[in-house]
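The structure under discussion appears below in the form of structure tokens.
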Amino acid sequence: MMETKVEVSAFFRRIAGYSMTSWINFIIGIVSVVLMTRFFAPDVIGSYTLFNTATDLLMIFCCMGFDNALIRFFYSPPHNESHQALFKRCVGASLLCYFIVALVILTGFSHTLSVLLFKKDDILLIVFLLLNGLSLLLTSRYLLLLFRMKNQIASYTILQLLMNFFSKIFVLASVLVSSTIETVLLFNTVGMVLLTLLYLIYQRDAFSVRVDLFAREKYDAIFRYAVSSWPMGVLQRLNIFLVPFLIGQYLDNYKLGIYSSTLFFCTAFTVLFNGFTTYWSPFMYKNYAKKQIFIIKVHDYMSFLLIVLEVLLLISQKFTFLFIGEMYRYGTSIFLLVLLEPIYLLLAETTCYGISIRKKNKEASLIFLLSVLMNGVFLWIGMQCFDLIGAAYAVAATAFIKFCLMTWRGQTYYKSIGSKGRTILSAVIMLALAIMNSLLFSQMMLNTILAVVMLLFAMCLYKGILLEAVAGGKRILSRKVNKR
């Protein structure tokens, strides 16, 4: 029993270590949303969001799944190589893909892509896209992964904070010159490229390991795993990209800006859980066989905490949206619907790892492909019938169905859920809160009362873990009192 208590304590201490940056990023995120919605028009914010999602899609496509292979084989590299050599091979393969893709885009598709994304023929915008993609690949993906896998919490925290700070401060600084999308993207690119160059110099030892990058036999195991996991990451980012792209195409960038400001708020709040998601993936791979009971308990805690977060945001949203620009305040009606996607992704972290553990990447890729198709169809129907709020309903519906499918397949291979009924009810409560808010957002009192009722119902569902948490809190307090 004492061993279990120590294990739980150590688990949360480590998550707290990775969560320090999340709290700071949360503050940076909230401040930047408030300032950006006051300094920039909705159409500029919309184009900026589309640029970011396109950059993220480009980055994950060029990784070719070798980022996942780095996680999978870091503690046991094939052919008894060092993890430094594994890192160099994965980065080398991803960079090769990046330069091929960049060459193809610049020589054949730059004008078409510029018109498609930004509704203007400007090759410079595509150059910004490519440079940002390269910066993200090296810093956001590989260096952060390296720091995480080596358990260098301080290095991980500093880089995350600098990435967030550089991107936000340079974008906000652009308003001193001009508030056009060209100026915004120029400043954003300068900030990210500058940070990448600084880290390439600072971390030059990680990239200078002598490795024969053309030794094909050394790539066999990592290439097979990378290629099998590649589609899942690409489809996930494509699903995220599809929403702003289709809103911009079928509605306009002004409405996309309103949607984007809401998405910024959602991202700012869900970043609070980044410490958990960062620590959880390696923890699962390392401990799924011997700590299953503990993993089931973590799922219950996460389910309840996400419901609490959603209720708190519903109650406080009127006050929260007062701080952003007046043109963006319609976002209250779609706020929780948009929030559902990151919430279900967080919850799926505790339900779907059976797919990865059993290496059933094809099943995960199929689910993500279905999600992309559903998202496209639902978005088209939703926007045709209900305009912007229809797009938000489409995003919520796709997120719910994808969560159900991922959980179903994940639990088939590895049980991380103690009670299926409780998990289903929790997912339904999250969906019901979002729908209720979209219908009753103008009736704040009724909205709040119903939200509190749903929270009380959730507390009844998770009475066991709540009593356990209270008992644990009492023990900690009593120990502190006794020490005095």
Side-chain angles (χ1 to χ4, degrees), residues 22-23 25-38 40 42 45-46 49 243-244 247 254-274 302-347 382 386-397 399-400 426-459:
S22 299
W23 284 98
N25 279 334
F26 168 70
I27 295 170
I28 294 173
I30 291 295
V31 171
S32 64
V33 171
V34 171
L35 294 176
M36 287 176 70
T37 55
R38 292 184 178 275
F40 300 107
I45 296 290
T49 300
V243 179
I247 291 175
Y254 185 93
K255 290 177 180 176
L256 174 57
I258 295 172
Y259 176 89
S260 301
S261 66
T262 308
L263 185 62
F264 288 163
F265 256 127
C266 294
T267 305
F269 284 109
T270 55
V271 81
L272 294 175
F273 290 88
N274 276 0
M302 180 57 71
S303 300
F304 180 72
L305 285 174
L306 288 173
I307 292 173
V308 172
L309 173 69
E310 197 173 354
V311 170
L312 290 176
L313 291 178
L314 183 151
I315 293 171
S316 63
Q317 65 181 340
K318 287 286 186 182
F319 174 75
T320 304
F321 272 78
L322 286 175
F323 290 94
I324 68 171
E326 192 171 346
M327 291 182 290
Y328 297 88
R329 291 176 190 170
Y330 174 75
T332 52
S333 63
I334 63 172
F335 180 42
L336 293 190
L337 290 169
V338 176
L339 183 68
L340 277 181
E341 183 171 27
I343 277 184
Y344 282 137
L345 281 175
L346 278 167
L347 190 56
F386 304 107
D387 206 76
L388 185 59
I389 198 167
Y393 271 108
V395 170
F400 179 75
S426 298
V428 171
I429 288 172
M430 294 171 193
L431 182 63
L433 282 166
I435 294 173
M436 181 185 74
N437 184 64
S438 71
L439 298 174
L440 303 174
F441 72 95
S442 59
Q443 302 177 49
M444 195 60 198
M445 184 61 72
L446 179 59
N447 209 8
T448 301
I449 291 170
L450 292 175
V452 171
V453 170
M454 290 188 187
L455 178 58
L456 291 173
F457 179 64
M459 290 174 72

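Values below: all heavy atoms of this structure, side chains included; hydrogens, waters and symmetry mates excluded.
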Test item: [X] and [Y] side chains (from C-beta on) under 4.5 Å apart, heavy atoms:
X    : Y    : value
V31  : F323 : no
I258 : M327 : no
I435 : Y393 : yes
I449 : M445 : yes
V338 : V395 : no

**OP:** Give the intermediate values and the outcome of side-chain contact (heavy atoms from CB on, under 4.5 Å) for residues I45 and M36.
**Re:** CA-CA 8 Å; I45 296 290; M36 287 176 70; 3.8 Å; yes
**OP:** Determine whether more than 12 heavy atoms belonging to other residues, nucleotides or ligands lie under 6.0 Å from atom CE of M459.
**Re:** no
To the nearest 0.5 Å, how far apart are [atom1] in [X] and [atom2] in [Y]?
X    : Y    : atom1 : atom2 : value
I307 : L455 : CD1   : CG    : 8.0 Å
I334 : L336 : CD1   : CG    : 10.5 Å
L433 : L337 : CG    : CG    : 11.0 Å
Y344 : L347 : OH    : CG    : 8.5 Å
L313 : I343 : CG    : CD1   : 7.5 Å
M444 : L314 : CE    : CG    : 6.0 Å

Nearest heavy-atom neighbours spanning [X] and [Y]:
X    : Y    : result
A432 : M454 : CB-CE, 3.9 Å
M302 : L346 : CG-O, 4.4 Å
I389 : S333 : CD1-O, 4.4 Å
I324 : R329 : O-NH2, 3.1 Å

Side-chain donor or acceptor of [X] paired with backbone N/O of [Y] under 3.5 Å:
X    : Y    : value
Y259 : G46  : no
K318 : F441 : yes
N437 : T332 : yes

**OP:** For side-chain contact (heavy atoms from CB on, under 4.5 Å), just list the numbers for L450 and L446, CA-CA rounded to whole Å, side-chain angles, deciding distance to a tenth of an Å, and then say yes or no.
**Re:** CA-CA 6 Å; L450 292 175; L446 179 59; 4.1 Å; yes
Original post:
Under 3.5 Å, is there a donor-acceptor pair linking the side chains of T49 and S260?
Top reply: yes
**OP:** Give the C-alpha distance, both sets of side-chain angles, the deciding distance and a yes or no for side-chain contact (heavy atoms from CB on, under 4.5 Å) between E310 and L306.
**Re:** CA-CA 6 Å; E310 197 173 354; L306 288 173; over 6 Å; no
**OP:** Please identify each residue that fulfils ring pair (Phe, Tyr, Trp, His ring centres under 6.0 Å) with F321, with sequence neighbours left out.
**Re:** F265, F335
